[in-house]
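Here the structure is laid out as structure tokens; the discussion comes afterwards.
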Amino acid sequence: MKKRPLHLKLLQFHRWIGLAASLLVLLLAISGIALEHSEQLRLDQRYLTQPWVLNHYGIKPDSITQYRVKDYSLAHAGNRIYLDGVPTAVESSLLCGAVKIAMGFAICLGEGLALIDAEGALVEHLETDLSLPAPATGIGQTSSQQVVLLSHDGNWLADSDFLLWQPYPDQPSIVSQSSAPAAALRYKIEAHNISHEISWERVLLDLHSGRLLGSWGVYLMDLAALAMIFLACSGVWVWWKRSFR
Amino acid sequence: MKQILLLLLLTPNLLWARGVYQKPADFVSEAFTGQPPVAQIYTLSETDQSVLADILAHPYEGSRLRYWQDETQTVWILNEVGKTKPITAGFVIRNGKIQYMKVLVFRESRGWEVRHDFFSKRFDGITLDQENKLSKRIDNISGATLSVRAVRKMARIALYLNQQVTDNLAPDEEAPTTP
């Protein structure tokens, strides 16, 4: 019996491996193209909020810190400051107090102060090194509504523009204190907090690498990659054999 | 062996690329030879907001900012996001020109080339044209495109805002110098 030429055996393997790996190769190619254009498609700014996706990633809402200022709530969750449950433009890792001022609110962020208007729009971000006399640990007000910055180096009284600071040896009449948010507000903040955790880019990266299915998914993608290497090499071999017969 | 040594020499540079190169307060103090004036507040008008949004390609966050001014110059400390994190830069403006600028705080993991003098010196003497664009082209740095873009935007903003707050500052007869 005549022995079957090697390139014909390879061709058979080429067909079957190509068929078996086709789905994974399609997945790799499509996710790869999407990731290549991630910036244009703004995949890092579009988020998934489906419960099964959040559960898969183990996403839970961050803890909430709230300071009540008259009838308003200034809260912090994740890295966002919320005014009455609505996210503001202010990002911070910490919220250490808030007081009402003429233009809106002065918010103690630890790494500085943020001044926002009554609608929550940022007026100015005062960074500690440049615009404050000391790192803030809290905030308060005098009986005449002047803002007092609390710090480990003492208390400081601000002028109306927050340009000049002078030492304030007394205890302010009002010191901003944290409190637990009401249930409805908590729900509102938590809903927003987890809605910006998992981006399309993240999911596509995990799909592309196989990590979406855990460590077995990674091995599966390794196999798909090996299959593509085999297909490339066997394809070239078969073509070469046929071309130069 | 040579490659390993080169990598070891380069690694500390790479590790330290992200960081504070000069505190903003020190930059301001240095610009005024140790005696900075009290900061002033500039409140952005609707026109200013529109111009800044056009320069930045997104709305400017904030409705006012502080700056430092004496008889001859203004100093601005600005922030703009490179890829994902803000870059902090300081600008000293005299006679409508950038006297010098410096990247003060760099928070990204790449694109740190902008913090070096070879880049910041490109801005010396630059002005703003009628379309609020820089008078001289600032070439891109491969691998630091977004950082370069952010610094260019801040330069335009500093020059624009300088125009808004100054009328006729005293001409400075000395040649520009970068400390």
Side-chain angles (χ1 to χ4, degrees), chain A residues 38-40 42-47 79-81 83 87-93 101-107 109 111-135 147 153 156 158-166 196 199 201-202 205, chain B residues 19-32 36-46 48-49 52-53 56-69 75-91 102 104-105 107-108 111 145-146 149 161:
Chain A
S38 179
E39 206 176 312
Q40 292 100 307
R42 295 172 62 199
L43 295 176
D44 58 337
Q45 294 167 42
R46 294 180 181 180
Y47 298 90
N79 69 339
R80 183 69 59 183
I81 302 295
L83 173 61
T88 69
V90 181
E91 288 187 12
S92 176
S93 57
I101 55 177
M103 68 176 77
F105 301 92
I107 305 173
L109 302 175
E111 70 246 27
L113 278 188
L115 307 177
I116 64 172
D117 66 17
E119 280 77 47
L122 180 68
V123 173
E124 189 183 4
H125 189 177
L126 283 66
E127 292 184 17
T128 300
D129 169 64
L130 196 57
S131 308
L132 301 182
V147 173
D153 301 325
W156 299 84
D159 69 351
S160 56
D161 280 328
F162 296 87
L163 283 172
L164 295 170
W165 300 83
Q166 52 181 310
H196 285 64
S199 65
E201 187 182 58
R202 173 79 266 147
L205 277 167
Chain B
V20 180
Y21 303 113
Q22 185 176 22
K23 287 184 177 178
D26 292 342
F27 178 87
V28 173
S29 179
E30 193 175 79
F32 293 101
V38 174
Q40 298 182 53
I41 299 286
Y42 181 71
T43 302
L44 298 169
S45 65
E46 277 191 29
D48 293 331
Q49 291 279 15
L52 263 55
L56 293 168
H58 64 77
Y60 177 80
E61 283 188 10
S63 57
R64 74 179 210 183
L65 61 174
R66 55 194 59 203
Y67 66 102
W68 294 260
Q69 180 178 12
V75 176
W76 305 84
I77 305 293
L78 300 172
N79 292 282
E80 174 58 7
V81 172
K83 183 172 169 64
T84 56
K85 299 270 172 68
I87 301 168
T88 303
F91 296 85
K102 185 171 181 177
L104 304 173
V105 185
R107 302 173 180 85
E108 306 266 24
T145 304
L146 296 178
R149 195 179 296 171
L161 292 174

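Chain letters run A, B, ... following the sequence lines, proteins first, then strands; residues in each count from 1.
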field: B/Glu61 versus A/Leu122, closest heavy-atom pair with distance
entry: O-CD2, 3.8 Å

query: Between A/Asp129 (side chain) and B/Lys23 (backbone), is there a donor-acceptor pair under 3.5 Å?
result: no

message: Please check this pair: side chain of B/Arg66 against backbone of A/Phe162, looking for a donor-acceptor N/O pair closer than 3.5 Å.
response: yes

task: Compare every heavy atom of A/Glu127 with every heavy atom of B/Asn79, then report the nearest pair and how far apart it is.
output: ND2-OE2, 3.5 Å

task: Report, as yes or no, whether the 6.0 Å neighbourhood of atom CD on B/Glu46 holds more than 12 heavy atoms from other residues, nucleotides or ligands.
output: no

query: CG/A/Leu130 to CG/B/Asp26 distance, rounded to the nearest 0.5 angstrom?
result: 10.0 Å

field: Atom CZ of B/Arg64: over 12 foreign heavy atoms under 6.0 Å
entry: yes

- request: Please flag which part of A/Leu115 lies under 4.5 Å from any non-hydrogen atom of chain B: side chain, backbone, both or neither.
  value: side chain

task: Please look at B/Ile77 and chain A and tell me whether the side chain, the backbone, both or neither of the residue comes under 4.5 angstrom of a heavy atom of that chain.
output: side chain

query: Are any non-hydrogen side-chain atoms of B/Ile41 and A/Glu124 less than 4.5 angstrom apart?
result: yes

message: Looking at A/Glu39, I'd like to know if its CD atom is crowded, meaning that more than 12 non-hydrogen atoms belonging to other residues, nucleotides or ligands lie closer than 6.0 Å.
response: no

